[in-house]
Amino acid sequence: MSSIDTLIDADTIARRVKELGAQITADHAGRDLVLVPVLNGSFVFAADLARAIELPLAIDFFGCRSYEGTASSGVVQTTLDLSHPIQGKHVIVVEDIVDTGLTMTYMLENLRTRRPASVQLASLLSKPARRKVDVAIDYLGFEIEDVFVVGYGLDFDEHYRNVPYLGVLRS
Ligand code: IMP
C-alpha cells in the first residue's frame, strides 16, 4: 500500500459530521425524512451522518457510476435503484464528493421525477475547481483543492475505503 498524507483527520471529520447532523435535525423536525446514500463512496459518511441526526428517518441506497468520455460531458449509469417510492417524502442525497457535478446532476434530476416533497444534497467534500455543472450543496462537510483524496469511504481503484481519515496518496 502506498502511504497517505493526511488531509483531514478523523477528529475533524467527526466534529464536522456532528455539526451537519445537528443542522439537518433542526431543519427537518417533524418531516418524513429519507436519506439516500450514493454507493459506494458515501457508505462511511452516511453511517456517521445518520447517527448524528436525532430524528426518525429511513435509509434507501442508490448506486450510480459516472463514465468520462472524450467530450466534456459524462454519462452516468444507475447500478442500484431505490427500493421504495419517495413520493411526498423529504429526501437528502448523501454523497462522498462533488467533483465535476455530473453524477449529482443526473441523480437529483432522476429523483425529482419521483415527486418527493423536497430533495436536498449532503456532500462530505466538494472540489469546486473541477466543476463542469453547477450543483447546489445544502449540507457540505469540506471544500478542498483539486487533489485526489482517499479514505473515509473514498477509494482509488477500490482500495483505501477503510482508512479512517481523508488523505492524499503519496506518489
Ligand atoms: P462527479 O460526477 O465528477 O462529480 O463525480 C463524483 C464521483 O467521482 C464521486 O462520487 C467519487 O466516486 C468520484 N471521485 C471524484 N473525485 C474523487 C477523489 O478525489 N477521490 C475519490 N473519488 C473521487
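Counting starts at 1 for both ligands and their atoms, following the listed order.
At a 4.0 Å heavy-atom cut-off, ligand 1 touches Lys127 through the side chain alone. When non-hydrogen atoms are compared, ligand 1 lies under 4.0 Å from the side chain of Glu95 (C-beta onward) but not from its backbone. In Val147, the part holding a heavy atom less than 4.0 Å from any atom of ligand 1 is the backbone. Of the heavy atoms in Ile97, both backbone and side-chain atoms come closer than 4.0 Å to ligand 1.
What you find for Glu54 and Thr25 is that their closest heavy atoms are N-OG1, 3.0 Å. A pairwise comparison of heavy atoms in Thr79 and Cys64 identifies OG1-N, 3.5 Å as the closest pair. Summarising the geometry of Asp96 relative to Gly41, their closest heavy-atom pair is OD2-CA, 3.3 Å, with the distance given to 0.1 Å.
Interface atoms of ligand 1 facing Gly101, defined by a heavy-atom separation under 4.0 Å, are 1 (P), 3 (O), 4 (O). Listed by number with element, the atoms of ligand 1 under 4.0 angstrom from any heavy atom of Asp96 are 9 (C), 10 (O), 11 (C), 12 (O). Which parts of ligand 1 touch Thr103 is read off a 4.0 Å heavy-atom cut-off, strictly below it: atoms 1 (P), 2 (O), 5 (O), 6 (C).
Below 30°, between 30° and 60°, or above 60°: for Tyr152 and Phe45 the angle between ring planes is between 30° and 60°, a tilted geometry. Ring pair His28/Tyr139 is tilted by interplanar angle, where 30° to 60° counts as tilted.
Summarising the geometry, atom CD1 belonging to Ile59 is positioned 12.5 Å from atom CG belonging to Leu82; distances are rounded to the nearest 0.5 Å.
Taking all heavy atoms of Val133, Leu169, Leu166, Asp99 into account, the minimum distance to atom 15 (C) of ligand 1 is reached by Asp99.
Where the criterion is an N or O separation shorter than 3.5 Å, residue side chain and backbone included, Val150 fails it with respect to ligand 1. The shortest N/O to N/O separation between Val149 and ligand 1 falls below 3.5 Å.
With sequence neighbours excluded, the residues forming a salt bridge (charged side-chain N to carboxylate O under 4.0 Å, His left out) with Asp81 are Arg114, listed by chain and number.
There is a side-chain donor-acceptor pair under 3.5 Å between Thr78 and Tyr106.
Using a 4.0 angstrom heavy-atom cutoff, Asp155 counts as in contact with ligand 1. Residue contact annotation: Gly41 has no non-hydrogen atom under 4.0 Å from ligand 1.
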